[in-house]
Amino acid sequence: MALKQKGTDAAADPKKRRRVGFAGIDAGVEANECMKVFLARNPGEVDSENSISLQPFDLNHFFGEDGKIYGYKNLKIDVWISSISFHAYADISFEETSDGGKGITDLKPVLQNIFGENLVEKDEFLKTFSKECEYISNVMTDGKIIKHDSSNEEATAAEIVRVELQGAAAFLYSRLVPLVLLLVEGSTPIDITEHGWEMFLVVKKATQVSSSSNFLVLGFAAVHHFYHYPESTRLRISQILVLPPYQGEGHGLRLLKTINSIAESENIHDVTIEDPSDYLQYVRSSIDCLRLLTFDPIKPALSSMVSSLKETNLSKRTRSLKMVPPADLAETVRQQLKINKKHFLRCWEILIYLNLDAEDRKNMDNFRACIYDRIKGEILGTSTGTNGKHLIQMSSNFNDEACFAVYWTQEGGDADDQTVEQQPEDLMTQEQQLNEVVDSQMEEIVEVAKNVTSRGKDQLGDSCSISC
(Lines give C-alpha, C1' and ligand atoms only; values in the text may rest on other atoms or scores of the structure.)
Protein backbone atom coordinates (compact mmCIF):
# COMPACT_ATOMS: atom_id res chain seq x y z
CA MET A 1 0.00 0.00 0.00
CA ALA A 2 1.64 3.20 -1.21
CA LEU A 3 1.06 6.61 0.39
CA LYS A 4 1.99 9.62 -1.73
CA GLN A 5 1.79 13.21 -0.53
CA LYS A 6 1.93 15.75 -3.32
CA GLY A 7 4.21 18.75 -2.76
CA THR A 8 2.96 22.37 -2.49
CA ASP A 9 4.54 25.69 -3.38
CA ALA A 10 4.66 26.81 0.24
CA ALA A 11 6.59 23.71 1.23
CA ALA A 12 9.07 24.26 -1.58
CA ASP A 13 9.76 27.92 -0.65
CA PRO A 14 10.04 28.47 3.13
CA LYS A 15 10.19 32.28 2.61
CA LYS A 16 6.57 32.29 1.47
CA ARG A 17 4.30 33.17 4.34
CA ARG A 18 1.10 31.23 4.94
CA ARG A 19 -2.08 33.07 5.57
CA VAL A 20 -3.73 32.25 8.85
CA GLY A 21 -7.52 32.04 9.08
CA PHE A 22 -10.32 30.16 10.70
CA ALA A 23 -11.22 27.02 8.78
CA GLY A 24 -14.66 25.44 8.90
CA ILE A 25 -15.37 21.95 10.16
CA ASP A 26 -14.06 19.29 7.78
CA ALA A 27 -17.01 18.05 5.72
CA GLY A 28 -15.08 14.95 4.68
CA VAL A 29 -15.27 13.10 1.38
CA GLU A 30 -17.36 10.03 0.59
CA ALA A 31 -15.40 6.87 -0.18
CA ASN A 32 -17.51 6.39 -3.31
CA GLU A 33 -16.14 9.68 -4.65
CA CYS A 34 -12.42 9.17 -4.06
CA MET A 35 -11.90 5.41 -4.24
CA LYS A 36 -11.76 3.24 -7.38
CA VAL A 37 -11.18 -0.49 -7.77
CA PHE A 38 -9.63 -2.15 -10.83
CA LEU A 39 -9.03 -5.71 -12.02
CA ALA A 40 -5.61 -6.35 -13.60
CA ARG A 41 -4.85 -9.43 -15.71
CA ASN A 42 -1.11 -8.74 -16.10
CA PRO A 43 1.54 -6.32 -14.72
CA GLY A 44 1.12 -3.98 -17.69
CA GLU A 45 -2.46 -3.17 -16.66
CA VAL A 46 -1.43 -1.93 -13.20
CA ASP A 47 -1.48 1.90 -13.05
CA SER A 48 -2.90 1.81 -16.57
CA GLU A 49 -6.12 2.99 -18.17
CA ASN A 50 -6.39 -0.51 -19.68
CA SER A 51 -7.31 -1.96 -16.29
CA ILE A 52 -10.87 -3.18 -15.94
CA SER A 53 -12.81 -0.85 -13.65
CA LEU A 54 -15.09 -2.54 -11.12
CA GLN A 55 -18.20 -0.88 -9.72
CA PRO A 56 -18.61 -1.79 -6.02
CA PHE A 57 -22.22 -1.43 -4.86
CA ASP A 58 -21.21 0.90 -1.99
CA LEU A 59 -17.77 1.74 -0.63
CA ASN A 60 -19.13 4.20 1.94
CA HIS A 61 -20.35 1.55 4.36
CA PHE A 62 -16.77 0.41 4.99
CA PHE A 63 -15.91 3.86 6.39
CA GLY A 64 -18.00 4.35 9.51
CA GLU A 65 -21.62 5.36 9.94
CA ASP A 66 -21.52 8.36 7.62
CA GLY A 67 -19.31 6.69 5.01
CA LYS A 68 -16.88 9.61 4.91
CA ILE A 69 -13.10 9.99 5.05
CA TYR A 70 -11.74 12.97 7.00
CA GLY A 71 -8.50 14.95 7.12
CA TYR A 72 -7.28 14.70 3.51
CA LYS A 73 -7.12 17.23 0.71
CA ASN A 74 -7.68 15.91 -2.83
CA LEU A 75 -7.56 12.28 -1.69
CA LYS A 76 -7.37 9.57 -4.34
CA ILE A 77 -7.42 5.82 -3.58
CA ASP A 78 -6.83 3.39 -6.46
CA VAL A 79 -6.93 -0.33 -5.70
CA TRP A 80 -5.81 -2.99 -8.17
CA ILE A 81 -6.85 -6.62 -7.75
CA SER A 82 -4.98 -9.35 -9.61
CA SER A 83 -7.25 -11.64 -11.62
CA ILE A 84 -4.49 -14.27 -11.32
CA SER A 85 -3.97 -14.58 -7.56
CA PHE A 86 -6.54 -12.02 -6.27
CA HIS A 87 -3.91 -10.14 -4.30
CA ALA A 88 -4.55 -6.40 -3.98
CA TYR A 89 -2.45 -3.27 -4.05
CA ALA A 90 -3.64 0.19 -2.95
CA ASP A 91 -2.17 3.43 -4.28
CA ILE A 92 -3.13 6.37 -2.02
CA SER A 93 -2.31 9.97 -2.93
CA PHE A 94 -3.27 13.35 -1.42
CA GLU A 95 -1.97 16.92 -1.20
CA GLU A 96 -1.98 17.28 2.56
CA THR A 97 -3.58 16.14 5.80
CA SER A 98 -5.07 18.26 8.54
CA ASP A 99 -7.44 17.75 11.42
CA GLY A 100 -10.50 19.83 10.59
CA GLY A 101 -12.42 18.84 13.69
CA LYS A 102 -13.22 15.25 12.73
CA GLY A 103 -9.72 13.80 13.03
CA ILE A 104 -7.72 12.14 10.25
CA THR A 105 -9.12 8.82 9.05
CA ASP A 106 -6.61 5.97 9.32
CA LEU A 107 -6.99 4.34 5.91
CA LYS A 108 -4.76 1.32 6.45
CA PRO A 109 -6.97 -0.64 8.92
CA VAL A 110 -10.06 0.04 6.79
CA LEU A 111 -8.41 -1.31 3.65
CA GLN A 112 -7.03 -4.29 5.57
CA ASN A 113 -10.52 -4.97 6.88
CA ILE A 114 -11.72 -5.23 3.27
CA PHE A 115 -8.80 -7.02 1.64
CA GLY A 116 -7.19 -8.81 4.59
CA GLU A 117 -3.93 -10.60 3.84
CA ASN A 118 -4.53 -10.08 0.11
CA LEU A 119 -3.32 -6.47 0.49
CA VAL A 120 0.40 -6.24 -0.31
CA GLU A 121 2.95 -3.62 -1.38
CA LYS A 122 3.35 -2.81 -5.07
CA ASP A 123 6.61 -4.73 -5.66
CA GLU A 124 5.18 -7.90 -4.17
CA PHE A 125 1.90 -7.37 -6.03
CA LEU A 126 3.67 -7.21 -9.40
CA LYS A 127 5.65 -10.36 -8.62
CA THR A 128 2.48 -12.37 -7.97
CA PHE A 129 1.62 -12.33 -11.68
CA SER A 130 4.62 -14.57 -12.39
CA LYS A 131 4.99 -16.36 -9.04
CA GLU A 132 1.38 -17.51 -8.96
CA CYS A 133 0.60 -18.00 -12.63
CA GLU A 134 -0.27 -21.66 -11.94
CA TYR A 135 -2.43 -20.81 -8.92
CA ILE A 136 -5.83 -21.50 -10.52
CA SER A 137 -4.53 -24.61 -12.30
CA ASN A 138 -3.39 -26.05 -8.97
CA VAL A 139 -6.85 -25.53 -7.49
CA MET A 140 -8.46 -27.23 -10.49
CA THR A 141 -6.39 -30.38 -10.05
CA ASP A 142 -8.32 -31.15 -6.86
CA GLY A 143 -11.69 -30.72 -8.58
CA LYS A 144 -13.89 -32.34 -11.19
CA ILE A 145 -14.86 -30.73 -14.50
CA ILE A 146 -18.63 -30.75 -15.04
CA LYS A 147 -19.69 -31.52 -18.59
CA HIS A 148 -22.28 -29.18 -20.10
CA ASP A 149 -24.09 -28.34 -23.31
CA SER A 150 -24.27 -24.76 -24.47
CA SER A 151 -24.98 -22.90 -27.70
CA ASN A 152 -23.32 -19.78 -26.32
CA GLU A 153 -19.80 -19.45 -27.74
CA GLU A 154 -18.47 -17.63 -24.65
CA ALA A 155 -20.03 -20.17 -22.30
CA THR A 156 -18.69 -23.09 -24.36
CA ALA A 157 -15.12 -21.80 -23.95
CA ALA A 158 -15.54 -21.88 -20.17
CA GLU A 159 -15.63 -24.88 -17.86
CA ILE A 160 -17.25 -25.47 -14.50
CA VAL A 161 -15.07 -27.19 -11.92
CA ARG A 162 -16.56 -28.72 -8.78
CA VAL A 163 -14.22 -28.79 -5.80
CA GLU A 164 -14.57 -29.37 -2.06
CA LEU A 165 -13.94 -26.21 -0.05
CA GLN A 166 -10.76 -27.34 1.65
CA GLY A 167 -7.03 -27.04 1.08
CA ALA A 168 -6.13 -24.95 -1.99
CA ALA A 169 -9.82 -24.33 -2.82
CA ALA A 170 -10.50 -22.94 0.67
CA PHE A 171 -7.48 -20.68 0.30
CA LEU A 172 -8.79 -19.47 -3.07
CA TYR A 173 -12.20 -18.70 -1.55
CA SER A 174 -10.54 -16.60 1.17
CA ARG A 175 -8.91 -14.55 -1.58
CA LEU A 176 -12.24 -14.12 -3.37
CA VAL A 177 -13.97 -12.80 -0.22
CA PRO A 178 -13.00 -9.12 -0.84
CA LEU A 179 -14.68 -9.24 -4.25
CA VAL A 180 -17.80 -10.70 -2.65
CA LEU A 181 -17.81 -7.94 -0.03
CA LEU A 182 -17.36 -5.25 -2.69
CA LEU A 183 -19.78 -6.54 -5.31
CA VAL A 184 -22.56 -8.32 -3.41
CA GLU A 185 -24.68 -6.12 -1.16
CA GLY A 186 -25.10 -7.36 2.40
CA SER A 187 -22.68 -10.27 1.93
CA THR A 188 -20.59 -11.85 4.68
CA PRO A 189 -17.87 -14.52 4.42
CA ILE A 190 -18.97 -18.10 4.92
CA ASP A 191 -17.45 -20.32 7.62
CA ILE A 192 -15.29 -22.65 5.54
CA THR A 193 -14.29 -24.62 8.66
CA GLU A 194 -17.83 -26.05 8.76
CA HIS A 195 -18.21 -29.46 7.11
CA GLY A 196 -20.18 -29.78 3.86
CA TRP A 197 -18.99 -26.82 1.78
CA GLU A 198 -18.01 -27.04 -1.87
CA MET A 199 -17.39 -24.53 -4.64
CA PHE A 200 -18.27 -24.46 -8.33
CA LEU A 201 -15.71 -22.45 -10.30
CA VAL A 202 -16.31 -21.04 -13.78
CA VAL A 203 -12.87 -21.01 -15.44
CA LYS A 204 -11.58 -20.31 -18.92
CA LYS A 205 -8.23 -20.80 -20.59
CA ALA A 206 -6.49 -17.45 -20.83
CA THR A 207 -4.68 -16.08 -23.88
CA GLN A 208 -0.98 -15.33 -23.52
CA VAL A 209 -1.58 -11.74 -24.67
CA SER A 210 -4.14 -10.71 -22.07
CA SER A 211 -3.10 -12.74 -19.04
CA SER A 212 -0.08 -14.08 -17.19
CA SER A 213 -1.98 -17.23 -16.15
CA ASN A 214 -3.11 -20.38 -17.93
CA PHE A 215 -6.64 -20.02 -16.53
CA LEU A 216 -8.91 -17.20 -15.38
CA VAL A 217 -11.70 -17.41 -12.82
CA LEU A 218 -14.87 -15.93 -14.31
CA GLY A 219 -17.16 -16.61 -11.37
CA PHE A 220 -18.07 -19.07 -8.64
CA ALA A 221 -20.82 -20.42 -6.42
CA ALA A 222 -20.36 -21.59 -2.82
CA VAL A 223 -22.87 -24.25 -1.77
CA HIS A 224 -23.48 -26.11 1.46
CA HIS A 225 -24.83 -29.61 1.96
CA PHE A 226 -26.70 -30.03 5.23
CA TYR A 227 -28.66 -32.84 6.82
CA HIS A 228 -32.39 -33.26 6.24
CA TYR A 229 -34.32 -35.69 8.41
CA PRO A 230 -34.40 -38.64 8.23
CA GLU A 231 -31.69 -39.58 5.72
CA SER A 232 -31.30 -37.00 2.97
CA THR A 233 -29.37 -33.83 2.24
CA ARG A 234 -30.49 -30.35 1.32
CA LEU A 235 -28.37 -28.09 -0.87
CA ARG A 236 -28.17 -24.38 -0.12
CA ILE A 237 -26.52 -21.88 -2.47
CA SER A 238 -24.92 -19.36 -0.12
CA GLN A 239 -22.99 -17.18 -2.54
CA ILE A 240 -22.86 -16.81 -6.29
CA LEU A 241 -20.79 -14.23 -8.15
CA VAL A 242 -19.78 -13.66 -11.76
CA LEU A 243 -16.96 -11.12 -12.06
CA PRO A 244 -18.09 -7.91 -13.83
CA PRO A 245 -15.95 -8.33 -17.00
CA TYR A 246 -17.69 -11.65 -17.70
CA GLN A 247 -21.26 -10.81 -16.76
CA GLY A 248 -23.91 -11.09 -19.45
CA GLU A 249 -22.28 -14.18 -20.99
CA GLY A 250 -24.54 -16.74 -19.32
CA HIS A 251 -22.10 -18.01 -16.69
CA GLY A 252 -24.43 -17.41 -13.73
CA LEU A 253 -27.20 -19.18 -15.60
CA ARG A 254 -24.94 -22.17 -16.21
CA LEU A 255 -23.92 -22.28 -12.56
CA LEU A 256 -27.56 -22.52 -11.47
CA LYS A 257 -28.36 -25.13 -14.11
CA THR A 258 -25.33 -27.19 -13.10
CA ILE A 259 -26.32 -27.14 -9.43
CA ASN A 260 -29.91 -28.14 -10.33
CA SER A 261 -28.60 -31.01 -12.45
CA ILE A 262 -26.38 -32.27 -9.64
CA ALA A 263 -29.26 -32.05 -7.17
CA GLU A 264 -31.37 -34.26 -9.43
CA SER A 265 -28.64 -36.81 -10.21
CA GLU A 266 -27.57 -37.15 -6.56
CA ASN A 267 -31.15 -37.20 -5.23
CA ILE A 268 -30.73 -34.12 -3.04
CA HIS A 269 -33.91 -33.29 -1.05
CA ASP A 270 -34.20 -29.77 -2.57
CA VAL A 271 -32.25 -26.66 -3.51
CA THR A 272 -32.51 -23.33 -1.71
CA ILE A 273 -30.72 -19.98 -2.05
CA GLU A 274 -29.65 -17.99 0.98
CA ASP A 275 -30.92 -14.39 0.84
CA PRO A 276 -30.92 -14.07 -2.99
CA SER A 277 -30.66 -10.67 -4.63
CA ASP A 278 -33.55 -9.49 -6.79
CA TYR A 279 -31.61 -10.26 -9.97
CA LEU A 280 -30.57 -13.73 -8.81
CA GLN A 281 -34.20 -14.45 -7.90
CA TYR A 282 -35.19 -13.26 -11.38
CA VAL A 283 -32.68 -15.59 -13.09
CA ARG A 284 -33.58 -18.50 -10.83
CA SER A 285 -37.33 -18.08 -11.42
CA SER A 286 -36.77 -17.90 -15.19
CA ILE A 287 -34.78 -21.14 -15.18
CA ASP A 288 -37.24 -23.05 -13.00
CA CYS A 289 -40.30 -21.83 -14.92
CA LEU A 290 -38.73 -23.14 -18.12
CA ARG A 291 -38.14 -26.49 -16.41
CA LEU A 292 -41.71 -26.59 -15.16
CA LEU A 293 -43.20 -25.77 -18.57
CA THR A 294 -42.00 -29.14 -19.87
CA PHE A 295 -42.87 -31.03 -16.67
CA ASP A 296 -45.94 -33.08 -17.60
CA PRO A 297 -47.28 -33.77 -14.04
CA ILE A 298 -48.19 -30.11 -13.51
CA LYS A 299 -50.08 -29.57 -16.77
CA PRO A 300 -53.57 -30.82 -15.70
CA ALA A 301 -53.59 -28.78 -12.48
CA LEU A 302 -52.21 -25.73 -14.26
CA SER A 303 -54.84 -25.97 -17.00
CA SER A 304 -57.62 -26.30 -14.41
CA MET A 305 -56.38 -23.28 -12.46
CA VAL A 306 -56.15 -21.14 -15.60
CA SER A 307 -59.68 -22.15 -16.63
CA SER A 308 -61.05 -21.21 -13.21
CA LEU A 309 -59.47 -17.77 -13.44
CA LYS A 310 -60.87 -17.20 -16.90
CA GLU A 311 -64.40 -18.25 -15.93
CA THR A 312 -64.59 -16.46 -12.57
CA ASN A 313 -65.36 -12.79 -11.98
CA LEU A 314 -63.58 -11.58 -8.85
CA SER A 315 -64.02 -7.88 -9.51
CA LYS A 316 -67.00 -7.52 -7.15
CA ARG A 317 -65.12 -9.37 -4.37
CA THR A 318 -68.17 -11.52 -3.58
CA ARG A 319 -65.95 -14.59 -3.70
CA SER A 320 -62.28 -15.46 -3.56
CA LEU A 321 -60.09 -17.87 -5.46
CA LYS A 322 -56.76 -19.15 -4.20
CA MET A 323 -54.07 -19.77 -6.82
CA VAL A 324 -52.40 -22.62 -4.97
CA PRO A 325 -51.35 -25.93 -6.53
CA PRO A 326 -52.41 -29.28 -5.04
CA ALA A 327 -50.20 -30.30 -2.11
CA ASP A 328 -49.23 -33.58 -3.78
CA LEU A 329 -48.11 -31.67 -6.88
CA ALA A 330 -45.76 -29.49 -4.85
CA GLU A 331 -44.25 -32.66 -3.39
CA THR A 332 -43.88 -34.22 -6.85
CA VAL A 333 -42.05 -31.12 -8.09
CA ARG A 334 -39.74 -31.26 -5.07
CA GLN A 335 -39.00 -34.95 -5.54
CA GLN A 336 -38.28 -34.82 -9.26
CA LEU A 337 -37.01 -31.28 -9.94
CA LYS A 338 -35.69 -30.48 -6.43
CA ILE A 339 -37.52 -27.14 -6.41
CA ASN A 340 -38.47 -26.28 -2.82
CA LYS A 341 -42.13 -25.60 -2.02
CA LYS A 342 -41.79 -21.86 -1.36
CA HIS A 343 -40.07 -21.25 -4.67
CA PHE A 344 -42.49 -23.52 -6.54
CA LEU A 345 -45.41 -21.41 -5.31
CA ARG A 346 -43.68 -18.34 -6.74
CA CYS A 347 -43.11 -20.10 -10.08
CA TRP A 348 -46.70 -21.40 -10.06
CA GLU A 349 -48.08 -17.86 -10.16
CA ILE A 350 -45.74 -16.98 -13.03
CA LEU A 351 -46.84 -20.07 -14.97
CA ILE A 352 -50.49 -19.09 -14.51
CA TYR A 353 -49.74 -15.58 -15.77
CA LEU A 354 -47.97 -17.06 -18.80
CA ASN A 355 -51.12 -18.96 -19.72
CA LEU A 356 -53.44 -15.97 -19.43
CA ASP A 357 -54.13 -13.35 -22.06
CA ALA A 358 -52.37 -10.26 -20.75
CA GLU A 359 -54.65 -8.11 -22.93
CA ASP A 360 -57.82 -9.49 -21.33
CA ARG A 361 -58.81 -7.06 -18.57
CA LYS A 362 -60.98 -9.54 -16.64
CA ASN A 363 -58.21 -12.17 -16.64
CA MET A 364 -55.68 -9.69 -15.34
CA ASP A 365 -58.07 -8.28 -12.72
CA ASN A 366 -58.78 -11.80 -11.46
CA PHE A 367 -55.08 -12.63 -11.38
CA ARG A 368 -54.22 -9.46 -9.48
CA ALA A 369 -57.08 -10.07 -7.02
CA CYS A 370 -55.58 -13.48 -6.19
CA ILE A 371 -52.15 -11.93 -5.66
CA TYR A 372 -53.72 -9.27 -3.44
CA ASP A 373 -55.55 -11.85 -1.31
CA ARG A 374 -52.38 -13.91 -0.85
CA ILE A 375 -50.27 -10.94 0.20
CA LYS A 376 -52.96 -9.61 2.52
CA GLY A 377 -53.25 -13.03 4.13
CA GLU A 378 -49.48 -13.27 4.58
CA ILE A 379 -49.26 -9.84 6.19
CA LEU A 380 -52.48 -9.49 8.18
CA GLY A 381 -53.75 -13.05 8.46
CA THR A 382 -56.62 -14.79 6.76
CA SER A 383 -59.15 -14.95 9.59
CA THR A 384 -62.17 -12.68 9.94
CA GLY A 385 -61.07 -9.17 10.79
CA THR A 386 -57.39 -8.63 11.49
CA ASN A 387 -57.06 -10.62 14.73
CA GLY A 388 -55.60 -7.57 16.39
CA LYS A 389 -52.97 -7.14 13.66
CA HIS A 390 -52.25 -3.66 12.37
CA LEU A 391 -50.12 -2.26 9.57
CA ILE A 392 -48.23 0.99 10.21
CA GLN A 393 -45.90 2.98 7.98
CA MET A 394 -42.24 3.10 9.00
CA SER A 395 -39.53 5.56 8.05
CA SER A 396 -36.62 4.12 6.10
CA ASN A 397 -33.55 5.26 4.22
CA PHE A 398 -34.53 2.86 1.45
CA ASN A 399 -38.12 3.72 0.56
CA ASP A 400 -40.48 5.44 2.98
CA GLU A 401 -43.54 4.61 0.92
CA ALA A 402 -42.89 0.88 0.70
CA CYS A 403 -41.75 0.17 4.28
CA PHE A 404 -44.18 -0.89 6.98
CA ALA A 405 -44.44 -2.98 10.12
CA VAL A 406 -47.13 -5.29 11.48
CA TYR A 407 -48.06 -5.35 15.19
CA TRP A 408 -50.83 -6.79 17.31
CA THR A 409 -52.04 -6.51 20.89
CA GLN A 410 -51.86 -9.35 23.43
CA GLU A 411 -53.33 -7.86 26.57
CA GLY A 412 -55.54 -10.80 27.56
CA GLY A 413 -58.88 -11.98 26.25
CA ASP A 414 -59.65 -13.88 23.09
CA ALA A 415 -58.12 -12.95 19.79
CA ASP A 416 -61.40 -11.40 18.62
CA ASP A 417 -61.50 -9.22 21.75
CA GLN A 418 -58.02 -7.91 20.99
CA THR A 419 -59.00 -6.36 17.66
CA VAL A 420 -58.70 -2.60 17.93
CA GLU A 421 -61.01 -0.60 15.71
CA GLN A 422 -59.02 1.18 13.03
CA GLN A 423 -59.74 4.71 11.93
CA PRO A 424 -60.73 5.29 8.27
CA GLU A 425 -57.45 7.07 7.53
CA ASP A 426 -55.52 4.08 8.92
CA LEU A 427 -57.46 1.70 6.70
CA MET A 428 -56.79 3.89 3.68
CA THR A 429 -53.05 3.91 4.41
CA GLN A 430 -53.08 0.14 4.92
CA GLU A 431 -54.91 -0.38 1.62
CA GLN A 432 -52.48 1.90 -0.20
CA GLN A 433 -49.43 0.10 1.16
CA LEU A 434 -50.87 -3.31 0.36
CA ASN A 435 -51.54 -2.22 -3.20
CA GLU A 436 -47.95 -0.97 -3.52
CA VAL A 437 -46.64 -4.39 -2.48
CA VAL A 438 -49.04 -6.09 -4.91
CA ASP A 439 -47.97 -3.80 -7.76
CA SER A 440 -44.31 -4.57 -7.02
CA GLN A 441 -44.91 -8.33 -7.13
CA MET A 442 -46.96 -8.00 -10.30
CA GLU A 443 -44.06 -6.21 -11.95
CA GLU A 444 -41.68 -8.99 -10.89
CA ILE A 445 -44.02 -11.64 -12.29
CA VAL A 446 -44.37 -9.79 -15.61
CA GLU A 447 -40.58 -9.36 -15.98
CA VAL A 448 -39.88 -13.05 -15.36
CA ALA A 449 -42.72 -14.01 -17.73
CA LYS A 450 -41.19 -11.88 -20.50
CA ASN A 451 -37.83 -13.56 -20.01
CA VAL A 452 -39.37 -17.04 -19.96
CA THR A 453 -41.33 -16.26 -23.14
CA SER A 454 -38.17 -15.07 -24.89
CA ARG A 455 -36.05 -18.00 -23.75
CA GLY A 456 -38.89 -20.48 -24.26
CA LYS A 457 -39.11 -19.74 -27.97
CA ASP A 458 -35.41 -20.55 -28.36
CA GLN A 459 -35.13 -23.50 -25.96
CA LEU A 460 -38.53 -25.19 -26.15
CA GLY A 461 -39.75 -24.40 -29.64
CA ASP A 462 -43.20 -25.72 -30.48
CA SER A 463 -43.36 -27.81 -27.31
CA CYS A 464 -43.90 -24.65 -25.24
CA SER A 465 -47.40 -23.19 -25.35
CA ILE A 466 -47.16 -19.73 -23.84
CA SER A 467 -50.14 -17.53 -24.54
CA CYS A 468 -48.82 -14.19 -23.32
Side-chain angles (χ1 to χ4, degrees), residues 228 234 260 269-273 276 281-282 284-358 360 362-387 389 391 406 431 434-449 452-453 464-468:
H228 181 269
R234 304 187 78 178
N260 286 335
H269 181 78
D270 62 13
V271 177
T272 62
I273 300 183
Q281 189 72 283
Y282 164 80
R284 176 196 188 193
S285 298
S286 300
I287 293 172
D288 287 338
C289 283
L290 282 168
R291 297 167 69 201
L292 287 163
L293 281 171
T294 57
F295 188 60
D296 289 339
I298 76 164
K299 292 181 178 179
L302 181 61
S303 177
S304 176
M305 186 73 254
V306 171
S307 296
S308 296
L309 269 177
K310 289 180 177 179
E311 297 167 2
T312 303
N313 187 353
L314 302 177
S315 61
K316 296 182 179 180
R317 312 301 289 165
T318 57
R319 57 175 298 187
S320 62
L321 180 67
K322 293 184 177 180
M323 291 193 306
V324 294
D328 60 337
L329 181 58
E331 180 61 16
T332 300
V333 169
R334 183 204 62 76
Q335 289 178 351
Q336 298 190 36
L337 299 183
K338 309 306 176 184
I339 299 174
N340 68 78
K341 181 179 178 181
K342 181 178 179 181
H343 185 56
F344 173 55
L345 295 179
R346 173 185 171 87
C347 292
W348 177 257
E349 292 178 345
I350 298 169
L351 294 174
I352 292 172
Y353 178 86
L354 282 165
N355 283 275
L356 292 172
D357 183 357
D360 188 310
K362 190 187 83 169
N363 285 352
M364 290 298 101
D365 285 347
N366 285 346
F367 182 80
R368 190 184 187 283
C370 291
I371 300 295
Y372 177 93
D373 288 344
R374 172 181 62 78
I375 293 173
K376 184 177 181 180
E378 291 172 351
I379 295 176
L380 296 177
T382 56
S383 59
T384 303
T386 63
N387 238 14
K389 293 183 180 179
L391 190 94
V406 177
E431 183 72 13
L434 279 171
N435 277 304
E436 288 172 357
V437 176
V438 173
D439 289 341
S440 177
Q441 291 211 7
M442 285 291 295
E443 290 174 4
E444 293 174 8
I445 290 171
V446 171
E447 287 303 311
V448 174
V452 172
T453 302
C464 175
S465 59
I466 300 175
S467 59
C468 71

Notebook entry, point to check: Got T312 and K362 here, is their nearest side-chain heavy-atom distance under 4.5 Å?
Noted result: no
Item checked: Contact summary for C289 and V452, nearest pair of heavy atoms -> CB-CG2, 3.8 Å
Notebook entry, point to check: Taking only residues two or more places apart in sequence, or in another chain, which ones meet N435 in a side-chain contact (heavy atoms from CB on, under 4.5 Å)?
Noted result: R368, Y372, E431
Notebook entry, point to check: Which residues satisfy the side-chain contact (heavy atoms from CB on, under 4.5 Å) test with P300, sequence neighbours excluded?
Noted result: none
Next item on the list: Using the test salt bridge (charged side-chain N to carboxylate O under 4.0 Å, His left out), find all partners of R291 that sit at least two apart in sequence or belong to another chain.
Entry: E264, D288
Note to self: Once side-chain hydrogen bond (donor to acceptor under 3.5 Å, both in side chains) is applied, do any residues pair with E447, and if so which ones, sequence neighbours excluded?
What the structure shows: none
Checklist line | Heavy-atom closest pair, residues I352 and L302 | finding: CG1-CD1, 3.8 Å
Next item on the list: Output all residues satisfying side-chain contact (heavy atoms from CB on, under 4.5 Å) with V324, sequence neighbours left out; order by chain, then residue number.
Entry: K322
Checklist line | Intermediate values then yes/no, side chain to side chain contact (heavy atoms under 4.5 Å, CB included), R374 and M323 | finding: CA-CA 9 Å; R374 172 181 62 78; M323 291 193 306; over 6 Å; no
Check: Between T453 and A449, is there a donor-acceptor pair closer than 3.5 Å when you use the side chain of the first and the backbone of the second?
Finding: yes
Notebook entry, point to check: Applying salt bridge (charged side-chain N to carboxylate O under 4.0 Å, His left out), which residue pairs with at least one partner in residues 337-346 are found, sequence neighbours left out?
Noted result: R346-E444
Item checked: Pairwise ring pair (Phe, Tyr, Trp, His ring centres under 6.0 Å) hits with a residue in residues 323-346, at least two apart -> F344-W348
Check: Within a strict 4.5 Å, meaning less than it, do heavy atoms of the N363 and L309 side chains meet?
Finding: no
Margin query: Do I298 and T332 have side chains that approach each other closer than 4.5 Å (heavy atoms only, starting at C-beta)?
Written below: no
Next item on the list: Applying side-chain hydrogen bond (donor to acceptor under 3.5 Å, both in side chains), name anything that partners D360, two or more places apart in sequence or on another chain.
Entry: none
Margin query: Working note: L345 + E349, criterion side chain to side chain contact (heavy atoms under 4.5 Å, CB included); need CA distance, chi angles, decisive distance, verdict.
Written below: CA-CA 7 Å; L345 295 179; E349 292 178 345; over 6 Å; no
Item checked: Side chains of I339 and R334 in contact at under 4.5 Å (non-hydrogen atoms) -> no
Note to self: Going by side-chain hydrogen bond (donor to acceptor under 3.5 Å, both in side chains), name the residues that satisfy it together with D296, two or more places apart in sequence or in a different chain.
What the structure shows: K299
Notebook entry, point to check: So, does N340 use its side chain to make a donor-acceptor pair with the main chain of V271 at under 3.5 Å?
Noted result: yes
Item checked: Residues in side-chain hydrogen bond (donor to acceptor under 3.5 Å, both in side chains) contact with D270, at least two apart in sequence or another chain -> R234
